[in-house]
Peer 1: 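Please find one structure pasted underneath; my questions will follow.
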Amino acid sequence: MRLRISISFLVLALSAQAQSLRLSETGLYTNISTKEVKPENRFYDPQYPLWTDGAEKRRWIYLPPAQTIRTQGEGADINHWAFPLGTKIWKEFAYNTDSGLHRVETRLIEKVAEGEWEFGSYVWEEGENDAVLAPSGGLSNHYPVAPGVSHDIPRRADCLTCHRRGGDPVLGFGALQLSTDRDPLSMPSNSVGLDLLMLAREGLIDRQETELNPAPRIHAATAEARVSMGYLHGNCGHCHNPQGSAGWTNLWMRHDVEMTTEQAAPAFLTAVNQPTLFFQIPGMESTFRLKGHEPDKSAVLYRMESTDFNRMPPIGTKLVDERAVQWLREWLEQLDP
Ligand code: HEC
Ligand code: HEC
């Protein structure tokens with residue numbers, strides 16, 4: 001039996017305020033037909049992106065003038081940032097086809113009041129001249145990405161299953177994701193967008209450049225351990241953290257940049273050589289979350305490789321990320337049983 005979690009205790013309210021019905025009205029582009037993005041919307045590129053069945057993603061953030069992101073003080077810390085009112089972030093999803101890159105949807109979140117964010121997805125029309133706000137029930141099997149497999153435009157409620165914690169629901173714009181100490185396995189190229197140092201230099205966050213030196217990173221004994229924990233942070237940690245929708249599993253994979261060793265990281269502490277709470281690999285006597293030297297006894301890997309109801313993450317993806325499975329296998333081989 002698959003357990004389902006209720007979203008009735010959501011802290012984020014879906015706003016009743018009227019949302020723009022077209023992407024062209026949201027302020028992303030100077031001109032949507034030429035796809036020229038307004039200069040105040042800054043491109044950025046998280047080093048541990050969410051896997052969405054091979055989608056190519058581009059992201060832009062708008063910060064209201066003369067406002068600062070808080071990374072300390074009430075309700076904020078270096079791992080959990082607080083954004084100014086009026087912040088908007090767009091994320092575009094496109095898939096490679098024989099005829100080139102095809103835009104499918106552009107998601108938008110906007111901070112409309114303290115504690116209140118608006119969520120929407122804009123579905124690109126044929127010809128990609130504009131995109132229209134998707135119905136709140138989403139659009140399942142909207143765009144084919146592999147034989148027999150199609151991309152779903154998420155339901156509005158699904159946005160909140162992933163995008164929620166005690167404070168602002170921004171997931172991929174933070175200290176680890178924007179660090180200038182980029183993980184070469186996850187992200188071979190340097191960021192061409194906003195990074196942590198630029199944010200400090202431009203006064204867009206409440207920290208000085210010197211406070212961010214050395215740049216945050218995952219401290220791990222090997223490159224495979226680093227990239228595996230980064231992957232789990234980017235792909236699992238938004239539900240699997242104490243405040244997330246899977247917080248109650250006590251399997252926590254959201255990384256904390258203050259941790260200085262591999263063993264101190266939540267993913268290591270709550271998963272490595274830890275038995276599962278409920279989940280059993282079929283036909284296996286004992287199942288661990290991550291088992292050193294024994295990847296086949298590891299529920300994390302089993303569920304990342306599943307394409308049925310056992311699949312993790314349970315929403316937002318249908319195809320196995322083979323590159324990630326390989327990283328995790330290599331990491332597990334290095335760990336003590
Ligand atoms: C399966 C979990 C999941 C679902 C469902 C989901 N998101 Fe996200 N989203 C993420 C993660 C993780 C990131 C950060 C990593 C990245 O950008 O690749 C993210 C990033 C974003 C961003 C960039 C800002 C940020 O928080 O980092 C926007 C905008 C966004 N999502 C909008 C939406 C909207 C709107 C929906 C619903 C229509 C939605 N998302 C559904 C997990 C999810
Ligand atoms: C959208 C939220 C969400 C995301 C994202 C997510 N999970 Fe989960 N996960 C859950 C929920 C809810 C459960 C509990 C129910 C179940 O086992 O299906 C769970 C349970 C698990 C369990 C079983 C834990 C135990 O001890 O029984 C494993 C293993 C797991 N997840 C791995 C992962 C991995 C690996 C990722 C990322 C690649 C991931 N999850 C991403 C929601 C999520």
Side-chain angles (χ1 to χ4, degrees), residues 1-7 14 19 26 28 44-52 55 57-62 81 83 87-93 105-110 117-123 133-139 152-165 168-174 177-178 228 231-241 244-254 267 270-271 274-281 287-290 298-306 309-317 320-321 324-325 328:
M1 263 282 284
R2 174 105 164 273
L3 287 164
R4 290 200 175 271
I5 184 150
S6 150
I7 55 156
L14 278 174
Q19 254 171 318
T26 64
L28 174 58
Y44 74 96
D45 196 15
Q47 63 169 329
Y48 299 115
L50 177 72
W51 161 259
T52 310
K57 301 184 181 182
R58 288 191 293 173
R59 306 163 186 80
W60 298 271
I61 185 167
Y62 169 77
W81 292 3
F83 290 80
T87 299
K88 291 187 193 183
I89 312 181
W90 294 264
K91 174 153 87 146
E92 175 191 275
F93 290 63
E105 57 167 321
T106 299
R107 298 183 189 170
L108 169 61
I109 61 174
E110 179 178 357
W117 289 70
E118 214 162 62
F119 284 75
S121 181
Y122 294 85
V123 183
L133 185 65
S136 63
L139 296 169
D152 298 334
I153 310 292
R155 297 178 304 146
R156 215 70 63 80
D158 284 343
C159 311
L160 302 180
T161 306
C162 293
H163 284 267
R164 76 134 177 237
R165 52 172 198 85
D168 283 343
V170 176
L171 297 175
F173 194 90
Q177 291 284 25
L178 300 178
S228 296
Y231 187 84
L232 298 176
H233 170 84
N235 285 271
C236 322
H238 43 284
C239 291
H240 287 277
N241 72 76
S245 57
W248 56 274
T249 60
N250 291 345
L251 169 58
W252 297 338
M253 298 182 271
R254 190 181 197 281
T270 68
Q274 298 297 321
T276 46
L277 198 58
F278 304 111
F279 182 75
Q280 293 296 323
I281 297 177
T287 300
F288 291 81
R289 284 165 167 178
L290 284 171
S298 304
V300 161
L301 265 177
Y302 181 87
R303 299 190 72 165
M304 282 170 63
E305 289 188 277
S306 300
F309 55 87
N310 285 320
R311 177 153 188 76
M312 280 291 150
I315 49 175
T317 158
V320 176
D321 187 352
V325 166
L328 268 290

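All values below were derived from every heavy atom in this structure, side-chain atoms included, with hydrogens, water molecules and symmetry-related copies excluded. A quick note: this is a predicted structure, and the numbers were derived from the prediction, not measured. Order of appearance sets the numbers: ligands from 1, and atoms from 1 within every ligand.
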Peer 1: Between ligand 1 and Y48, is the shortest N or O to N or O distance under 3.5 Å?
Peer 2: no
Peer 1: Enter the distance from I61:CD1 to K91:NZ here, rounded to the nearest 0.5 Å.
Peer 2: 13.5 Å
Peer 1: Measuring from atom CG of N310 to atom CD of Q280, what distance do you get when rounded to the nearest 0.5 angstrom?
Peer 2: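 The distance works out to 11.5 Å.
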Peer 1: Within the 4.0 Å heavy-atom shell around W248, which atoms of ligand 2 are there?
Peer 2: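 Within the 4.0 Å cut-off of W248, ligand 2 contributes 14 (C).
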Peer 1: Return the residue, atom name and 0.1 Å-rounded distance of the protein heavy atom closest to atom 28 (C) of ligand 1.
Peer 2: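 Nearest neighbour among protein heavy atoms for atom 28 (C) of ligand 1, to 0.1 Å: K91 CB, 4.0 Å.
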Peer 1: Which of the atoms of ligand 1 are close to D158, meaning less than 4.0 Å from one of its heavy atoms?
Peer 2: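 Close to D158: 5 (C).
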Peer 1: For atom 13 (C) of ligand 1, find the nearest protein heavy atom and state the residue, atom name and distance (0.1 Å precision).
Peer 2: L171 CB, 3.8 Å
Peer 1: Check for me whether W51 has a heavy atom closer than 4.0 Å to any atom of ligand 2.
Peer 2: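 So W51 does not count as touching ligand 2.
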Peer 1: Just verifying a value: how many Å separate I89 CD1 and Y62 OH, rounded to the nearest 0.5 Å?
Peer 2: 13.0 Å
Peer 1: Starting from atom 17 (O) of ligand 1, locate the nearest protein heavy atom and write down its residue, its atom name and how far away it is, to 0.1 Å.
Peer 2: R59 NE, 2.8 Å
Peer 1: Strictly by modelled atom types, are W117 and D168 linked by a side-chain donor-acceptor pair under 3.5 Å?
Peer 2: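 Present: a donor and an acceptor within the cut-off.
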Peer 1: Using a 4.0 Å cutoff against the non-hydrogen atoms of G120, which atoms of ligand 1 qualify?
Peer 2: 35 (C)
Peer 1: Polar-atom distance check: A246 versus ligand 2, any N or O pair below 3.5 Å?
Peer 2: no
Peer 1: L277 versus ligand 2: do any nitrogen or oxygen atoms come within less than 3.5 Å of each other?
Peer 2: yes
Peer 1: Output the list of atoms in ligand 1 that are nearer than 4.0 Å to some heavy atom of P49, sorted by atom number.
Peer 2: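 Reading through ligand 1 atom by atom, the close ones are 18 (O).
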Peer 1: Have a look at G234, A324, P314 and point out the one with the heavy atom closest to atom 43 (C) of ligand 2.
Peer 2: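 It is P314 that holds the nearest heavy atom.
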Peer 1: Any idea which protein heavy atom is nearest atom 29 (C) of ligand 1, and the distance to it?
Peer 2: I89 O, 3.1 Å
Peer 1: Which of these, R311, M312, H238, M304, has its nearest heavy atom closest to atom 5 (C) of ligand 2?
Peer 2: H238
Peer 1: Taking the six-membered ring of F279 as reference, does the cationic atom of R303 (NZ for Lys, CZ for Arg) lie under 6.0 Å from its centre and within 45° of its axis?
Peer 2: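 Ring-cation test returns yes.
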Peer 1: Could you check atom 39 (C) of ligand 1 against the protein and tell me its nearest heavy-atom contact, residue, atom and distance included?
Peer 2: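 So the nearest neighbour among protein heavy atoms is R107 NH1, 3.5 Å.
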Peer 1: Can you list the steps and then say if V320 with M304 is a side chain to side chain contact (heavy atoms under 4.5 Å, CB included)?
Peer 2: CA-CA 7 Å; V320 176; M304 282 170 63; 5.9 Å; no
Peer 1: Report the residue from R58, R59, K57 that forms a salt bridge (Lys or Arg N to Asp or Glu O under 4.0 Å) with E92.
Peer 2: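 It is R58, the one option of R58, R59, K57 that forms the salt bridge (Lys or Arg N to Asp or Glu O under 4.0 Å) with E92.
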Peer 1: Is the closest side-chain donor-acceptor distance between K88 and T26 under 3.5 Å?
Peer 2: no
Peer 1: So between A134, C162, G316, G172, whose heavy atom ends up nearest atom 2 (C) of ligand 1?
Peer 2: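 Nearest heavy atom to atom 2 (C) of ligand 1 lies in C162.
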Peer 1: Among the heavy atoms of P154, does any lie under 4.0 Å from an atom of ligand 1?
Peer 2: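 A heavy atom of P154 does come that close to ligand 1.
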Peer 1: Is there a polar contact between ligand 1 and C159, counting only N or O atoms under 3.5 Å apart?
Peer 2: no
Peer 1: Any N or O on F278 sitting closer than 3.5 Å to an N or O of ligand 2?
Peer 2: yes
Peer 1: Please could you name the atoms of ligand 2 that T249 approaches to less than 4.0 Å, counting only its heavy atoms?
Peer 2: 13 (C), 14 (C)
Peer 1: Heavy-atom contacts under 4.0 Å between T276 and ligand 2: side chain, backbone, both, or neither?
Peer 2: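 It is both parts that get close, each with some atom under 4.0 Å.
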Peer 1: Quick check: does H240 have an N/O/S atom under 2.8 Å of atom 8 (Fe) of ligand 2?
Peer 2: yes
Peer 1: Output the list of atoms in ligand 2 that are nearer than 4.0 Å to some heavy atom of R289, sorted by atom number.
Peer 2: 25 (C), 26 (O)
Peer 1: Which residue holds the protein heavy atom closest to atom 15 (C) of ligand 1, what is that atom called, and what is the gap in Å?
Peer 2: L50 N, 3.9 Å
Peer 1: With heavy atoms of Y44 as the reference, note each atom of ligand 1 found under 4.0 Å away.
Peer 2: 23 (C), 24 (C), 27 (O)
Peer 1: N/O/S atom of H163 under 2.8 Å from atom 8 (Fe) of ligand 1, yes or no?
Peer 2: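 It does; at least one qualifying atom falls short of 2.8 Å.
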Peer 1: If we ignore angles and hydrogens, is there a donor and acceptor under 3.5 Å between the side chains of R164 and S245?
Peer 2: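 There is no such pair between these side chains.
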Peer 1: Would you kindly check if the NZ (Lys) or CZ (Arg) of R107 is within the cone defined by 45 degrees around the ring axis of F119 and under 6.0 Å from the six-membered ring centre?
Peer 2: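 The answer is no, since R107 fails at least one limit relative to F119.
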